[in-house]
Amino acid sequence: MSVLVDDDTRVVVQGITGGEGKFHAEQMMEYGTNVVAGAVPGKGGQEAAGVPVYDTVHEAVEEENADTSVIFVPPAFAGDAIFEALDTDLDLAVAITEGIPTQDMAKVNKRLSETDTRLVGPNCPGLITPGEAKLGILPGNIFAEGNVGLVSRSGTLTYQVVDNLTERGLGQSTAIGIGGDPIIGTNFIDALELFENDLETDAIVMCGEIGGEDEEQAAAYIDEHVDTPVAGFIAGRTAPPGKRMGHAGAIVSGSGTGTAESKISALNDAGVPVGDTPEEVADHIEEFLA
Amino acid sequence: MSVLVDDDTRVVVQGITGGEGKFHAEQMMEYGTNVVAGAVPGKGGQEAAGVPVYDTVHEAVEEENADTSVIFVPPAFAGDAIFEALDTDLDLAVAITEGIPTQDMAKVNKRLSETDTRLVGPNCPGLITPGEAKLGILPGNIFAEGNVGLVSRSGTLTYQVVDNLTERGLGQSTAIGIGGDPIIGTNFIDALELFENDLETDAIVMCGEIGGEDEEQAAAYIDEHVDTPVAGFIAGRTAPPGKRMGHAGAIVSGSGTGTAESKISALNDAGVPVGDTPEEVADHIEEFLA
Amino acid sequence: MDMRLHEYQAKEVFADAGIPTPASQLASDVDGVVDAADEIGYPVAVKAQVHVGGRGKAGGIKLVENSEEAREAADSILGMDLKGYHVDQVLVEEAVDFTNELYVGITMDRGEGKPVAMVSTKGGVNIEEVAEEDPDAIAREHIDPSFGMHPYQARKAVYDAGVDRAVARDVSSILKTLYDLWESKDGSDVEINPLMITDDDEVIAADAVMNVDEDALFRHPDLEEMEEEAAGGDELERKADEYDFDYVRLSGNVGIIGNGAGLVMTTLDLVDHYGGEPANFLDVGGGAKAERIANALDMVFSDENVDAVVFNIFGGITRGDEVARGINEALEAFDEIPKPVVVRLAGTNWEEGMEILNEDLVTVEQTLEDAVERTVEYAEEVNEQ
Amino acid sequence: MDMRLHEYQAKEVFADAGIPTPASQLASDVDGVVDAADEIGYPVAVKAQVHVGGRGKAGGIKLVENSEEAREAADSILGMDLKGYHVDQVLVEEAVDFTNELYVGITMDRGEGKPVAMVSTKGGVNIEEVAEEDPDAIAREHIDPSFGMHPYQARKAVYDAGVDRAVARDVSSILKTLYDLWESKDGSDVEINPLMITDDDEVIAADAVMNVDEDALFRHPDLEEMEEEAAGGDELERKADEYDFDYVRLSGNVGIIGNGAGLVMTTLDLVDHYGGEPANFLDVGGGAKAERIANALDMVFSDENVDAVVFNIFGGITRGDEVARGINEALEAFDEIPKPVVVRLAGTNWEEGMEILNEDLVTVEQTLEDAVERTVEYAEEVNEQ
C-alpha cells in the first residue's frame, strides 16, 4: 500500500453537520473514501452525508470502528476537537481547520508526544492516495495513481505541482499536505520517512516555503536516511524579510532565518535538485523515473 | 549495595539555608552522607553547613556533580522545588516537606511520568542505608546495618518498628519512608521491587495504614513478584470511617474503602503475616531469618 | 485536611462562576426566616447550615408552603442539635420544581494521582451508595491536571452518563466550570447533588458542596475568611483547630497523645488491643516544642470522657527534653493531676528527657506496649471508681 | 497574523499585571505634550507611538529637559512620517535614570513547538543582533505549555543570564508575570527591552512590546478594542484588513491575486523569474465567492504602482465559476479596464468558469507560467508608455 491512507481506512468526520464538513464528507465518499461516521456534540442519533452522527468521537470509534478522523471544526473549537481525536486511540487525525490559535497548537503538540495517534495539519488540505481514498479537501480529479510521493506545506501549490505531474503521466502514490502553520503534527521528516519505507513510492516531491527551519532539517534527514530520489520546490524566494506571506509560518525573520536561499542550498547540498518553477520540478521527477 | 542510597550518593540540599535544612544537612553529614552542595535562590555564592550554596539545582549539578536532592522547602514553594529537581536529571529527589497542596502534587505526579528521576515523598522522613548514608530526618542512631528492608508510609512508626528490630539485632539494609500523602512518588510496589532485586535484603517489613488501596495493590504485587519474605503492619485498625487520622491519605472513606481489614486480609492472602503490634512484626522477621 | 464550606458559601462561589442556583437568603433567627421566605415566594426550603450528611432525613431541611409553616420550620431547625452540630443558620431557598436530578462532581482520584470528573443521572441520593451498588451509573472522566479539563471531556462524561441531549450542553458547561473552580480554588471535592432539571430544561444547582485543601489556603485569602465563618462543630475540635493539632474525637476514655500519624494510630490500635477504648487521636506533629506539648495535655484533659492519658513520643525531629519540659509545665500547674498520665519517651534526646521529666507527676514506661497496657489499666480503675 | 499593541497599550497591560512602568501620559497635540511633561517633571522622553523598529535613531524619541524642549520635540515628532507611518500620538514618559539595561521576553519557538523565555544582560539594543553576534549572551528556558512557567524556570533563566543577584528576584517575578500574560492574552511576542535597573535596584519596564495572535482575538474582546486603536500604517494594508485579505504591499508594478499562500508566493517568484517585479502578495484564501474576488481586484487596482494584474486560481474549495463571476462583476463596472488583467483558472469548475468569464475584459492563459509571462510583458508595456 501507499502511506497513511488506503481503502481500508475507516473515517469519522468531526464537524460533519457543518456546511464544509458535510460537503467534503460527501466529496470524500464520492472519491471512494470509507467514511463511516460523523461526530458532533448534540447531534448524536442524526444522520449526515448518509452516515450516523455521534455526540463524541469515542462513540464513533466504539460503534463504527473508525480509525481515522478528519476535522472540520471552526478554529475556536478545533484545538479541543484535535485533543478529542488524540485521546481516542485513532491511528490518524487530519485537521483541515485554518486559524487555530498558536497556543492551542502548542498544547496539542505536547499531547502528541504522549499519544500514538498521528496528526496531519492543521491548516492543510489533507492527504490522498489516488484511486483509494482521500482525507480532506483536495480536488480528487487532478490526481492520478502512480509512484510519486508528494509532501507540501501548501494546499493550492500542491495542486499546481500535482497538475504538472499528472499532465505528464506521473501519477502519485500518496500526496500529503502537512499545512502552513508554525506548529503542525506530521512534518517533512515524518512524511519522508514514510515514503522512504513505502515500496510503491519511487520518487518524492517536497514543496517547502520560506519560514522556520523544517526544510533545512528535512535536507539533513534526506542526506542521512533517504535513498529514494527527491525533487524540491521552495515558494517565497522573493518575499522580503519581516512580512508574513499568508501562512502563519511563512515569514523570513528580521535576523535572516527562514530564507529561501538557505533552504535551497541545504536541499542542494543533500543532493536534492530544486525547481525554479513547478514545471521544473516535474522535469526532475521525470528524469528520476526515466 | 542496598537500594537507592549509599556512600557514593552525592547530595544537594534544597533549602539548606533554612533552619531545618541546615540542621538536617549537618545531621546527614555527621551520619556520613556525602552532602556536596545546597541550592537556595538568591543565596548562591554563600556557604551553609560547610558546603557551597548555588542559586539553582542545575548549577549544583553542574558544579558539584550532585545526583540526589533532599528537599527542605516550605510547602508553598515545595512543588516548584520538586519540579526543579525533576528537571535536572537527578537520579533521586527526596521531599521531606509536609503540607504540600494536593493539586501541586498531582502536577508533580504528571511530570514524574515524563522523567527518569525517582521521587521519594513528600511528607516523609526520607531514607537510610545504615552505616552508609541517610537522606532526610530519620534519627540515625536507632538503625543498624543488616539485611531487613523496610518501607513505610509513616515516619515515627518506622522508628518504632526499627527500634524493635534493632533491639533484637535485626539490622536494616535500607529503610524507606514513602510518606503519608495521598499522592506520592515512590510507592510500596516500587520499594518492594527494589528490595526484591537487592542481594543484601533477605526480609522485608512493610508498614501500611488505612486509606487508599496501595496496600492491597502491594499485596497483589507481592503475590506475583516477591520471593523475599515480607511481614506487614497496618496502622489504624480502630479508626472510624470518615475521619482523617493525621495523614491526608489516612482516611477510611464513607463507602468503606481503605479499611485496615481489607488491607490485612489482602496481605494475608498474599502470604504476608501482619503483626498486631510492632513487637509481633519483629517476631515474624526473626522467624524469617532464623 | 479539608476545609468544608457551608452550602450557602459554596453556592455563592458557584453562582459567582456562573452556575445557576435557586434564589436564597441566609437567616439566623425565626423572623429572618419568615421575611426571607415571604420575599422569595412559596414554596421554599429551610435548610440547616451545618456540615452533616443526610440533613433532610435528620429533620434539618423542611419544605414550607406559607409563612406559618416557615415560622414552624425555623423554630424547629434553628438551635436544633443535628448529629452533634448546633444549627445557628439556615438557608431559605426557592423550592425548584424538577423533572430530573443529576449528580456532577470533581474529586481527586488518589489511586490514579489525578482528578476525576463524575456525572450520574442518579442524582439526589447518596452518591457513595450509587458508586457501590451501581458503579456503571456514574460516568467517570480522568483529567490530566497539567492541561486541565478539555471541553470535550466534560461533554464525554455527560453523554456517557446518558444525560438528556436537551440539557447536555448546559450540564457540560457546568461540569467544566466546576472543574475550573476545583482547580482555581484548590478544591478537594466539589459537587452538585442534585443538579436539578426543570420541565423547561433549565439546569439548577439545588445543593452545593465545596471542600477545599486546607494546605492550599495560603493562596486563597477569600476562602480563609469563609473558613472562619464555616468553623463550628464540636467544641474540642474547635480547640484543636486553634492549637493547630491533628485531632479526632472518639468515643472511649483513654486519652492519646503522640507524634506522627502512623504512630498515634498504632497507639490507638494498641489501646484497643489491650482492651481499652481510645478517646481521641491527637498528633502533635514533628518538632513540637514544650508549649505545644503542654497544649496537647490541656486538649486531652478538656475532654471529660478521658480517664487516663498515654503520652507516646518517638523522637526524630521531636526532642525528648522539649517533651519532658512541656509535660512538667502542664502538670505542675495543677494542685492535683486531673487524670493519670503515662509517658513513654524514645528516640532523639530521650535520656535528657527522662532526666528532666518530673516522675512524681507521671508514670514512666520503657516500651510502647507497656505504656499502653498501663494506661488502659488506669482508665479501668478510674472508671470503676 | 499578529496584532501589535502600541507601546502605551502594552505598558497599560503590563502595569495592570503589576510590572513597574515609568509614569507616563499619552498626548496627541503639542500643548498636551507640554502639559503632560510639566506634570510628570523633567527630564521626560517624548516617544512616537507607531509600529516601527529603531524609533530612536529615526528621530521618533526625544529626551527633553524643560517645557521649551518638550514643545520643540512635540512639534517635530507629532505629524512626522516615521518610515512610512504617520505619527498621531506620542507617549510622554518619565525619563528613568538607570545603571543597567536588561532584555526579557517570551516568544514561541516554532522549531520546538513550545514557548521560550529569554533573558539577557545586553538590553537596550536590538536583541536579534545580540542573538546573532553573541548567542550565549541570551539565556533561554523552554516552557512546557501544559504546565506553564514554573517559578524555578524564571529564576533559572535569570541566574543563567548572569543578572545581578540584588535584582534577580524582581526580574524573575517580572519574567513569570510576562509569561502569564503571554499565555493568558495569547501573546506571540511579549518583551521588555530595556528593562531598566536603577542605582537603588529598582526594576522598571522602559519599553513594552506585546504582539498578540490574531487568530486568538475571539477570546480577548479587550484586546480587540485595542486593535482598533492600534490600527494604522499603510492605507492599502488597512483596506486589506477591512476586506480580510492576507495582503502584503511590495515595491514592484505587477499586481498579483491568487488563492493559497504557497501558490501566491510561487506566482510572485515566477514574476521575478520572468523579469518582472511583484507589487503585492494577495491571497483570497479558500472558497472565495464572487464578491470577495471583486474586492481583490479593487484592492490591487487601488495600488497606483500596479501596471498589470495576474489572477491565478487553482480551485480546490474555490470554484472557477465563482471566480469568473467576481472578475466579470469587478471589471464590468468600469467603462475602461484600468489595468490589463491576465487570468488563469485551473482545478474545481474551471471549465464552467471559462464559459462564464467575459473574455473581452481579460486575457486568458492556460498555464501559470504563460499567465505570469504575459502579465510581466503587459506591465513592461504600460510602464514604457
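Please read these numbers as outputs of a predicted model, since none were measured by experiment. Computed over heavy atoms, backbone and side chain alike; hydrogens, waters and symmetry mates excluded. Chain naming here is simple, since letters A, B, ... match the order of the sequence lines and numbering starts at 1 in each.
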Asker: So, for A:Pro240 and D:Leu250, which heavy atoms are closest and what is the spacing to 0.1 Å?
Answerer: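 A:Pro240 and D:Leu250 have their closest heavy atoms at CG-CD2, 3.4 Å.
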Asker: Decide yes or no on side-chain contact (heavy atoms from CB on, under 4.5 Å) for A:Met245 and D:Val264, but give the supporting numbers first.
Answerer: CA-CA 9 Å; A:Met245 293 287 146; D:Val264 179; over 6 Å; no
Asker: Report, as yes or no, whether the 6.0 Å neighbourhood of atom CD on D:Glu373 holds more than 12 heavy atoms from other residues, nucleotides or ligands.
Answerer: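 Yes, the 6.0 Å shell around CD holds more than 12 heavy atoms from other groups.
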Asker: Which of the residues A:Pro139, A:Gly236, A:Ala260, A:Gly211 is involved in the greatest number of heavy-atom pairs with chain D at under 4.5 angstrom?
Answerer: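 Going by pairs under 4.5 Å, I would pick A:Gly236.
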Asker: Side chain from CB out, backbone as N, CA, C, O: work out which of these in A:Ile183 comes under 4.5 Å of a heavy atom of chain D, or both, or neither.
Answerer: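 It is the side chain, since no backbone atom gets that close.
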Asker: Which pairs pass salt bridge (Lys or Arg N to Asp or Glu O under 4.0 Å) with one or both residues in residues 101-110 of chain A, sequence neighbours excluded?
Answerer: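 Only A:Asp104-D:Arg219, A:Lys110-A:Glu114, A:Lys110-B:Glu114, A:Lys110-D:Asp144 qualify under salt bridge (Lys or Arg N to Asp or Glu O under 4.0 Å).
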Asker: Give a yes or no answer on whether the side chain of A:Gln103 reaches the backbone of D:Lys185 with a donor-acceptor pair at less than 3.5 Å.
Answerer: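 Checking the backbone N and O of D:Lys185 against the side chain of A:Gln103, no donor-acceptor pair under 3.5 Å is found.
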Asker: Return the minimal non-hydrogen interatomic distance between D:Asp186 and A:Pro101, and the atom names on each side.
Answerer: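 Answer, listing the atom of D:Asp186 first, then A:Pro101: OD1-CB, 4.3 Å.
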Asker: Can you see which heavy atom on A:Tyr159 is nearest to which on D:Gly315, and at what distance?
Answerer: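 It is CD1-O, 4.2 Å.
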Asker: Less than 4.5 Å to any heavy atom of chain A: does that hold for the side chain of D:Glu183, its backbone, both, or neither?
Answerer: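 Both backbone and side chain.
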Asker: Look up atom OG1 in A:Thr277 and atom CD in D:Glu369, then write down how far apart they are to the nearest 0.5 Å.
Answerer: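 Going from OG1 on A:Thr277 over to CD on D:Glu369, the span is 5.0 Å.
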Asker: If I measure from the heavy atoms of chain A, does D:Leu268 come under 4.5 Å with its side chain, its backbone, both, or neither?
Answerer: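 Answer is both: backbone and side chain atoms of D:Leu268 are under 4.5 Å from chain A.
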Asker: Please indicate whether A:Phe77 has more than 12 foreign heavy atoms, meaning atoms of other residues, nucleotides or ligands, lying under 6.0 Å from its CZ.
Answerer: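 Counting neighbours around CZ of A:Phe77, 12 or fewer heavy atoms of other residues, nucleotides or ligands fall under 6.0 Å, so no.
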Asker: With distance as the sole criterion, is a donor-acceptor pair present between the side chains of D:Asp269 and A:Thr238 under 3.5 Å?
Answerer: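 A pair is found: one side chain offers a donor N or O, the other an acceptor, under 3.5 Å apart.
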Asker: Examine whether an atom of D:Phe314 lies under 4.5 Å from a heavy atom of chain A, and if so say whether it belongs to the side chain, the backbone or both; otherwise answer neither.
Answerer: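 Interface part for D:Phe314: both.
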Asker: Taking atom CD1 of D:Ile317 and atom CZ of A:Phe23, what is their separation to the nearest 0.5 Å?
Answerer: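 Output value for this atom pair is 9.0 Å.
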Asker: Of all of A:Gly140, A:Gly208, A:Gly212, A:Pro75, which one pairs up most often with chain D through heavy atoms under 4.5 Å apart?
Answerer: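 Top option by heavy-atom pairs under 4.5 Å: A:Gly212.
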Asker: Side chain, backbone, both or neither: which part of A:Arg153 has a heavy atom under 4.5 Å from chain D?
Answerer: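 Answer is side chain: those atoms of A:Arg153 sit under 4.5 Å from chain D.
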Asker: Is D:Tyr274 close to chain A through its backbone or its side chain, or both, or neither, when contacts mean heavy atoms under 4.5 Å?
Answerer: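 No part of D:Tyr274 comes within 4.5 Å of chain A.
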Asker: Heavy atoms only: give me the nearest D:Leu368-A:Pro278 pair and the separation to one decimal.
Answerer: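 Reported closest heavy-atom pair: CD2-CG, 4.4 Å.
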Asker: Please name the pair of heavy atoms, one in D:Met108 and one in A:Ala106, separated by the smallest distance, quoted to 0.1 Å.
Answerer: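 Result for this residue pair: CE-CB, 3.7 Å.
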Asker: For the atom pair OG1 (A:Thr102) and CD (D:Glu214), what is the distance rounded to the nearest 0.5 Å?
Answerer: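 Spacing of OG1 (A:Thr102) from CD (D:Glu214) equals 11.5 Å.
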Asker: Measure the CG-CZ distance between D:Asp272 and A:Arg237 for me, rounded to the nearest 0.5 Å.
Answerer: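 That separation rounds to 9.0 Å.
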Asker: If I measure from the heavy atoms of chain D, does A:Ile142 come under 4.5 Å with its side chain, its backbone, both, or neither?
Answerer: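 Just its side chain gets close to chain D.
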Asker: Ignoring hydrogens and geometry beyond distance, is a side-chain donor-acceptor pair present between A:Thr156 and D:Asn259 at under 3.5 Å?
Answerer: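 The answer is no; no qualifying pair exists.
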Asker: Atom CD1 of A:Ile234 and atom OG1 of D:Thr266: how far apart are they, to the nearest 0.5 Å?
Answerer: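 Going from CD1 on A:Ile234 over to OG1 on D:Thr266, the span is 10.0 Å.
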Asker: Tell me the closest heavy-atom pair linking D:Gly262 and A:Ser154, and the distance in Å.
Answerer: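 What the structure gives for the nearest pair is CA-OG, 3.3 Å.
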Asker: Which pairs with one or both residues in residues 159-169 of chain A pass salt bridge (Lys or Arg N to Asp or Glu O under 4.0 Å), sequence neighbours excluded?
Answerer: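 The answer is A:Arg168-A:Glu279, A:Arg168-A:Asp283, A:Arg168-A:Glu286.
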Asker: Please state whether the side chain, the backbone, both or neither of A:Asp276 comes within less than 4.5 Å of a heavy atom of chain D.
Answerer: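 When you check distances to chain D, atoms from both the backbone and side chain of A:Asp276 fall under 4.5 Å.
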